[in-house]
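To keep things clear, I will list the structure first and then write my remarks on it.
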2 protein chains.
Amino acid sequence: MIADFESFKIQLSLSKIETCRELYRQNTDMIRIKKEEVAVKNLVRIIDSTLRLTYAKGFHAMSLRDLCADSGFSIGGLYAYIKNKEDLIYLIQSHGFMLARRTILAYTNGITDPRDKLLTAVKAHVYLSELMQPWFYFSFMEVKSLPKKQKQEAIAVELEIESIIYDIIEEGMAAGVFRRLNAHLLASLCKAMMQDWYLKRRKYRNQGTSVTQYAEFVGDVLGSYLNPRS
Amino acid sequence: MIADFESFKIQLSLSKIETCRELYRQNTDMIRIKKEEVAVKNLVRIIDSTLRLTYAKGFHAMSLRDLCADSGFSIGGLYAYIKNKEDLIYLIQSHGFMLARRTILAYTNGITDPRDKLLTAVKAHVYLSELMQPWFYFSFMEVKSLPKKQKQEAIAVELEIESIIYDIIEEGMAAGVFRRLNAHLLASLCKAMMQDWYLKRRKYRNQGTSVTQYAEFVGDVLGSYLNPRS
DNA sequence: GTCTATAGCATGATAGAC
DNA sequence: GTCTATCATGCTATAGAC
């Protein structure tokens, strides 16, 4: 079970550098830089800038000159890390997928009580999207323009998350802890609610909603709806 | 109260031509064409094509050449209706706003029972977004890149819709029909759920969910959560 | 009112100096 | 390993024929 946001943050140990090192090692063919230390440090800069600029104006609207200005690179320098603009998408997507999938499953596995399990899945997702908000936002907004293979992967990951929720609901109904209802629809609504946390993050910040408050409210709405009626 | 989707559709009388005529009359300065009949017919073509292409690949990725190919215009011909690419956004946004705001309020005004009113607001929104899906999608995806003034308007319209829901919840709590809870958060979640209908429309079509089924399910989740506890 | 032709510019990508 | 200089392309926008 997830204790609180702060310990989640630590457990996840979302070291960007760590993730980028893994990314570098998997793509030594694409990246021309030989010194791991240098390459990893710069990958972090490139990915950070891309996420920031895409959040501000969209990936297509972001030019590579924009990216260079923001990350402090020159055009030529940048092209040592990618062979074309599309590679930026690949870099960002791949390390995000790894992390997201792993985390959700790690937290839900091993829990048996359906109510606990549902709340944990919701919390894990909302907490994760809080820590990786730029990535979640990027992934959502850019699916449409992704190259075919990555588009399918993105959709598959999303359906996977929804099916984790679906399975928990089904288990709970089978165990008689939840009442019988349309589990597909409820799982979709759950996804929609969790999604809003990273799509409309500024709104929630403005109205002073904390990440824990949000996750628990969503969990409460679901839990209440699933209660067997008297 | 809304009877069913089909009669909603008829009552809305979403005549594209009618809306575009109004749009033409409001912008005779921007549009160089003098014959109303010709202008209106072509505005429909232009708006239709823009929405379709933007849905497929995003507004920035759509070139004016793409738009010409799809709408059957030439570059020069197109520029008789707009003075630059940004004007396309303006055309699309303005007629959408008019229609959306009017409709929701028209349906909810006059209803006194909070439960009825909430369900009606949800239904009106979901039905509306079903009929104007390309516009809602466009509006959501392109807010970021909108020129300042239109960006503010878009955000204002969205908050307005959320506050309609919020007010209904508050009224119901004051009347003792709903139990006391965080109305701001619940209104946000309601918006998030309604929103998913036009953001993930393909998913819902694939899983065979009808627009009425969706709207009623959302209404049911909310209504159930708002029930006073025994 | 609509077309073709083209200007003018910003972009993605490369070559080669250091 | 990083930079500057440059190319080729595709874009928005305009001019002028019909």
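Below, all heavy atoms of this structure are taken into account, side chains as well, without hydrogens, waters or symmetry copies. Note on naming: letters A, B, ... go to the chains in the order of the sequence lines (proteins, then strands), and numbering restarts at 1 for each one.
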Which listed nucleotide ([options]) is nearest to the side chain of [X]?
X	options	answer
Tyr81(A)	dT2(D), dT14(D), dT2(C)	dT2(D)
Ser74(B)	dT2(D), dT2(C), dA13(C)	dT2(C)
Ser63(B)	dT12(D), dA13(D), dT2(D)	dT12(D)
Asn42(A)	dG1(C), dT2(D), dA13(D)	dT2(D)
Arg32(B)	dA13(D), dG12(C), dT2(C)	dT2(C)

Report the end-to-end axis angle of the helix from dG1(C)-dC18(D) to dC18(C)-dG1(D); each axis comes from five terminal pairs, and the value is rounded to 10°.
->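 If I round to tens, the end axes sit 0° apart.
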
Take the angle between the ring planes of [X] and [Y] and call it parallel below 30°, perpendicular above 60°, tilted in between.
X	Y	answer
Tyr166(A)	His184(A)	parallel
Phe136(A)	His125(A)	perpendicular
Phe140(A)	Phe140(B)	perpendicular

So, for Tyr127(B) and Phe8(B), is the gap between ring centers shorter than 6.0 Å?
-> yes

Step through it carefully: locate the ring centre of Tyr55(B), locate the ring centre of Phe138(B), and say whether they are under 6.0 Å apart.
->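 Centroid separation for Tyr55(B) and Phe138(B): 6.0 Å or greater.
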
Between Arg25(A) and Glu22(A), is there a side-chain N and carboxylate O pair less than 4.0 Å apart?
->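 No, no charged N to carboxylate O under 4.0 Å.
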
Check ion pair Asp196(A)-Arg201(A) (N to O, under 4.0 angstrom) |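 Salt bridge between Asp196(A) and Arg201(A), a charged N being under 4.0 Å from a carboxylate O: no.
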
What is the distance, to the nearest angstrom, from the [atom1] atom on [X] to the [atom2] atom on [N]?
X	N	atom1	atom2	result
Tyr79(B)	dG16(D)	OH	P	17 Å
Arg45(A)	dT2(D)	CZ	C1'	10 Å
Leu67(B)	dA13(D)	CG	C1'	14 Å
Lys34(A)	dG1(D)	NZ	P	8 Å
Glu37(B)	dG1(C)	CD	C1'	14 Å
Leu64(A)	dT14(C)	CG	P	11 Å
Ile75(A)	dC7(D)	CD1	C1'	13 Å
Asn84(B)	dA13(D)	CG	P	5 Å

Quick one: the side chain of Arg65(B) and the base of dG10(D), do they pair up donor-acceptor inside 3.5 Å?
-> no

If each of Lys85(A) and Ala80(B) is mapped to the nucleotide of DNA chain C with the nearest heavy atom, which maps nearer the 5' terminus, i.e. the 5' end?
->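 That would be Ala80(B).
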
